[in-house]
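Notes for the one structure printed next.
Quick note: residue numbers are just sequence positions, from 1. What you see is a predicted model, and the numbers here were worked out from it, not measured in a lab. Because only heavy atoms are used, hydrogens play no part in the values below, and waters and symmetry mates are left out as well, while side chains stay in.
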Amino acid sequence: LVSVREYAAEKLAAVSQGANVHDRHAEYFAEFGAKEAVEAIYRHGGVQVSDRMVLEYDNLNAALLHGAKSGNKAVALACFRAVITVIERRGPFAEAHELTTRLLDSLSLTRHERGDCLVLQGRIERLSGHREKATKYLSEAAAIGRELQDPTLEVRGLRNLAFLLFYKDEMHAADEAWERSEALAR
């Protein structure tokens with residue numbers, strides 16, 4: 001496999017449009033992280049969509065890194081959503097934590113984009129068993145949603161926070177977060 005990759009890299013380097021090929025590759029795989037693509041996992045036929053994402057994990061990760069390195073924030077964030085979706089289903093969660101930290105540090109994100117990333121990072125931290133970190137990230141995401149008057153982001157942060165608080169056996173706080181998210185969702 002390594003020799004095949006080396007061969008392909010040599011051939012790609014020989015082509016004058018190598019950067020263009022990487023850009024097209026990244027843009028194609030960014031479609032896996034589009035909102036509609038991620039939501040398709042939860043509908044009829046979602047298992048096949050999820051399986052395809054798992055099979056394309058290496059390509060998604062390469063596209064994410066290329067998007068971040070080339071400064072194509074839209075591609076990087078879309079690929080990030082797809083990569084996190086795969087990692088949520090199969091792990092390794094530590095890889096997602098490192099990836100999220102690098103992405104948050106390397107890209108100049110808007111407040112909304114940061115909030116979206118924090119929701120994903122909070123979910124990964126919860127699955128990793130890092131409940132305090134998860135609480136911090138999900139609370140910050142909800143606060144960003146409230147600050148930006150974006151009820152969708154605030155609801156995503158609050159609902160994930162409610163599940164986390166439930167697992168931490170903090171029922172009163174979980175109920176408050178859930179009820180607040182319900183009121184916003186109406």
Side-chain angles (χ1 to χ4, degrees), residues 22-91 93 95-97 99-104 106-127 134 137-164 177-178 180-186:
H22 286 294
D23 290 343
R24 287 195 315 268
H25 175 269
E27 288 167 5
Y28 172 79
F29 283 100
E31 293 175 18
F32 283 66
K35 183 180 177 183
E36 302 79 29
V38 173
E39 288 176 356
I41 291 172
Y42 304 104
R43 292 193 296 262
H44 180 71
V47 171
Q48 291 84 1
V49 174
S50 179
D51 288 350
R52 174 97 192 278
M53 287 177 125
V54 169
L55 287 173
E56 297 293 358
Y57 179 76
D58 289 336
N59 280 315
L60 291 166
N61 209 17
L64 164 61
L65 295 175
H66 177 73
K69 187 171 131 181
S70 67
N72 190 334
K73 191 167 51 169
V75 165
L77 291 173
C79 290
F80 175 69
R81 277 190 297 277
V83 166
I84 293 298
T85 300
V86 171
I87 291 174
E88 280 183 312
R89 279 151 184 71
R90 69 164 179 99
F93 301 128
E95 186 177 318
H97 173 75
L99 184 65
T100 305
T101 303
R102 274 195 327 241
L103 188 70
L104 289 173
S106 69
L107 292 177
S108 177
L109 301 175
T110 65
R111 293 287 288 157
H112 189 271
E113 291 164 340
R114 180 174 173 76
D116 281 340
C117 287
L118 288 170
V119 169
L120 296 170
Q121 187 170 15
R123 287 176 14 198
I124 291 296
E125 294 295 350
R126 178 179 58 83
L127 292 170
Y137 295 136
L138 294 170
S139 297
E140 185 179 345
I144 289 171
R146 192 169 31 263
E147 168 194 322
L148 298 177
Q149 299 179 347
D150 181 344
T152 303
L153 177 57
E154 187 175 358
V155 165
R156 288 178 52 227
L158 287 171
R159 286 198 174 162
N160 282 284
L161 182 61
F163 285 121
L164 172 64
W178 185 261
R180 185 163 178 188
S181 74
E182 284 291 302
L184 287 167
R186 290 186 192 130

Rounded to the nearest 0.5 Å, how far apart are [atom1] of [X] and [atom2] of [Y]?
{"X": "Arg114", "Y": "Ile144", "atom1": "CZ", "atom2": "CD1", "result": "6.0 Å"}
{"X": "Phe93", "Y": "Glu125", "atom1": "CZ", "atom2": "CD", "result": "11.0 Å"}
{"X": "Asn72", "Y": "His22", "atom1": "CG", "atom2": "NE2", "result": "14.0 Å"}
{"X": "Tyr28", "Y": "Asn59", "atom1": "OH", "atom2": "CG", "result": "9.0 Å"}
{"X": "Phe80", "Y": "Leu107", "atom1": "CZ", "atom2": "CG", "result": "10.0 Å"}
{"X": "Leu65", "Y": "Leu60", "atom1": "CG", "atom2": "CG", "result": "11.0 Å"}

Filter on ring pair (Phe, Tyr, Trp, His ring centres under 6.0 Å), then keep only pairs touching residues 139-163, sequence neighbours left out; what's left? Phe163-Trp178
Of the non-hydrogen atoms in [X] and [Y], which two are nearest, and what is the gap between them?
{"X": "Gly122", "Y": "Ala134", "answer": "O-CB, 3.4 Å"}
{"X": "Arg159", "Y": "Ala185", "answer": "NH2-CB, 3.5 Å"}
{"X": "Gly33", "Y": "Arg81", "answer": "O-NE, 2.9 Å"}
{"X": "Ala76", "Y": "Gly67", "answer": "CB-C, 3.8 Å"}
{"X": "Tyr57", "Y": "Val86", "answer": "CD1-CG1, 3.5 Å"}
{"X": "Leu138", "Y": "Leu161", "answer": "CD1-N, 3.8 Å"}

Main-chain N/O of [Y] paired with [X] side-chain donor or acceptor, under 3.5 Å:
{"X": "Arg123", "Y": "Val119", "answer": "no"}
{"X": "Ser70", "Y": "His66", "answer": "yes"}
{"X": "Lys73", "Y": "Leu109", "answer": "no"}
{"X": "Asn160", "Y": "Arg156", "answer": "yes"}

Side-chain contact, heavy-atom cut-off 4.5 Å: Glu140 with Gln121?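 No; the side chains remain at least 4.5 Å from each other.
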Report yes if some heavy atom in the side chain of Leu158 is under 4.5 Å from a heavy atom in the side chain of Leu184; otherwise report no. yes
How would you list, by chain and number, every residue that makes a salt bridge (Lys or Arg N to Asp or Glu O under 4.0 Å) with Arg52, sequence neighbours excluded?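 Glu56.
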Just do the side-chain contact (heavy atoms from CB on, under 4.5 Å) check on Leu77 and Cys117 with the steps written out, would you? CA-CA 8 Å; Leu77 291 173; Cys117 287; 3.7 Å; yes
